[in-house]
Amino acid sequence: MAAIIVHEALTERRHHDESRGPQRVRDEDPIHPDPAADGGAGARTEELGSAAGPRGALRGRRRLLTAAGAVVGLLALVGAGGYAWLSTSSTVQATGVENCLQVPTSSQLSAGEESAARESICGTLDALSTAWAGQDAEAYGAEFTEDATYTTFAGTYYSGREDIVGSHAALFDDVLADTQLADRFLELRMLTSEVAVLTTRGDNYEGEDPGELTKVQTYSLVREGEQWKVASFQNTQRQPVMEQIQYLWMPGTRPAAERTDG
């Protein structure tokens, strides 16, 4: 449609130019031309041209602007459709398990030690969720070590329990008021009997459970007596469109857990 409008605009402009005819080259004195030499035709042509020229040029410009708008609209529509397709087609297979106690675990510990450590670590995650739901920044911070670090999905970096507590007190009073945490558990790695890394899919939400969780979160935990505390937390917002573009462009970057070919 945009191409047709552009073609019509250019055709009308060409017909307008042709109607004016070529400029007459006279042999007469250019300073004192003879108006009667061509029976007044030149004067009439100039008169008609002066009247039709601006109107024809204006119509041509309007058609060109209309065509340009149509092209921009079409590109926007195609872009929006492409974005929507990329977003909806980018799904994850490794969604994690709902029960923390059933999280896949790797370790060199004995079965009894691994089970006890996993239970304590899951208790720490439960305490974090309970504190968040109660909007209790102090209780939330108590599950971190004194010198813990906390990196948000926006890239904001907090250092120390006091920093973590203060920031969450402000958040609970504002944008995170009345929200809760949702988690699904991907993997627990017991690096030693004192150090562990837990990876989850997580999100905060208000009202009903969000279903799909949009963040990947990494908890580095250390053992303090009989309890496990978070020494470092990293929160990463998943970007489904960017991820799908990467997979289409470089298929070899798709994680093994996300491949359908086994």
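A quick note: this is a predicted structure, and the numbers were derived from the prediction, not measured.
- With Phe185 as reference, Leu125 is the one residue of Leu125, Thr199, Asn99 to meet the side-chain contact (heavy atoms from CB on, under 4.5 Å) rule.
- Note that OG of Ser193 is 12.5 Å distant from CD of Glu114, once rounded to the nearest 0.5 Å.
- Of the possible polar contacts, none joining the Asp174 side chain to the Ala170 backbone as a donor-acceptor pair under 3.5 Å is found.
- A donor-acceptor contact shorter than 3.5 Å links the side chain of Lys229 to the backbone of Ala142.
- Nearest heavy atom pair, residue Leu101 against residue Arg118, reads O-NE, 3.4 Å.
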Residues Gln237, Thr214; criterion side-chain hydrogen bond (donor to acceptor under 3.5 Å, both in side chains); working and verdict: CA-CA 6 Å; Gln237 178 74 54; Thr214 66; 3.2 Å; yes

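- Side chain to side chain, Gln180 and Ser129 fail the donor-acceptor criterion of an N or O pair below 3.5 Å.
- Residue Met190 holds its CE atom at 9.0 Å from CG of Leu221, rounded to the nearest 0.5 Å.
- Taking each heavy atom of Phe153 and Thr236 in turn, the nearest pair found is CB-C, 4.4 Å.
- Within a 6.0 Å radius of CD in Glu119, other residues, nucleotides and ligands contribute 12 heavy atoms or fewer.
- Linking Ile, Leu, Val, Met, Phe, Trp and Tyr whenever their side-chain heavy atoms come within less than 4.5 Å puts Val175 and Tyr158 in one cluster.
- Partner Glu212 forms a side-chain contact (heavy atoms from CB on, under 4.5 Å) with one of Arg184, Arg201, Arg238 and no other, that one being Arg238.
- Expressed to the nearest 0.5 Å, how far CG of Leu188 lies from OG1 of Thr105 amounts to 4.5 Å.
- Residues meeting the ring-ring contact (aromatic ring centres under 6.0 Å, His included) test with Tyr219, sequence neighbours left out: Phe233.
- Judged by distance alone, the side chain of Gln108 and the main-chain N or O of Thr192 form no donor-acceptor pair under 3.5 Å.
- Between the side chain of Glu258 and the main chain of Ala94, a donor-acceptor pair closer than 3.5 Å is present.
- Nearest heavy atoms, Glu226 versus Ser120: O-OG, 3.5 Å.
- Nearest approach of Ser106 to Glu187, heavy atoms of both residues: OG-OE2, 4.5 Å.
- Considering CD of Gln135 and CG of Asp173, their distance stands at 8.5 Å, rounded to 0.5 Å.
- With Glu146 contributing its side chain and Arg161 its backbone, the two residues share no donor-acceptor pair below 3.5 Å.
- In this structure, Arg254 contributes its side chain and Arg259 its backbone to no donor-acceptor pair below 3.5 Å.
- The two residues Glu206 and Thr179 come nearest to each other via the heavy atoms CB-CG2, 4.4 Å.
- Hydrophobic clustering, with ILVMFWY side chains joined whenever heavy atoms are under 4.5 angstrom apart, keeps Val97 apart from Val197.
- In terms of heavy atoms, Gly141 sits closest to Val165 at CA-CG2, 3.7 Å.
- Within 6.0 Å of CD in Gln227 there are 12 or fewer heavy atoms belonging to other residues, nucleotides or ligands.
- A distance-only check finds no donor-acceptor pair linking the side chain of Ser115 to the backbone of Ala111 [under 3.5 Å].
- Side-chain atoms of Arg223 come within 3.5 Å of backbone atoms of Gly225 as a donor-acceptor pair (strictly under, hydrogens ignored).
- With Gln217 as the fixed residue, the side-chain contact (heavy atoms from CB on, under 4.5 Å) test singles out one of Leu186, Leu181, Leu198, Asp183: Asp183.
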side-chain contact (heavy atoms from CB on, under 4.5 Å) between Val103 and Ile121: does it pass, once the steps are laid out? CA-CA 11 Å; Val103 61; Ile121 289 169; over 6 Å; no

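- Sorted by first and then second residue, the ring pair (Phe, Tyr, Trp, His ring centres under 6.0 Å) pairs involving residues 95-129 (not counting sequence neighbours) form an empty list.
- Listed by first and then second residue, the ring pair (Phe, Tyr, Trp, His ring centres under 6.0 Å) pairs that reach into residues 111-142 are Trp132-Tyr140, Trp132-His168, Trp132-Phe172, Tyr140-Phe144, Tyr140-His168, sequence neighbours excluded.
- Atom CD in Glu138 sits 12.0 Å away from atom CD1 in Ile164 (nearest 0.5 Å).
- The CG atom of Leu248 lies 9.5 Å from the OG1 atom of Thr253; values are rounded to the nearest 0.5 Å.
- Between the side chain of Ser232 and the backbone N or O of Ser220 there is no donor-acceptor pair closer than 3.5 Å.
- At distances below 3.5 Å, not a single donor-acceptor pair connects side-chain atoms of Asp136 with backbone N or O atoms of Ala131.
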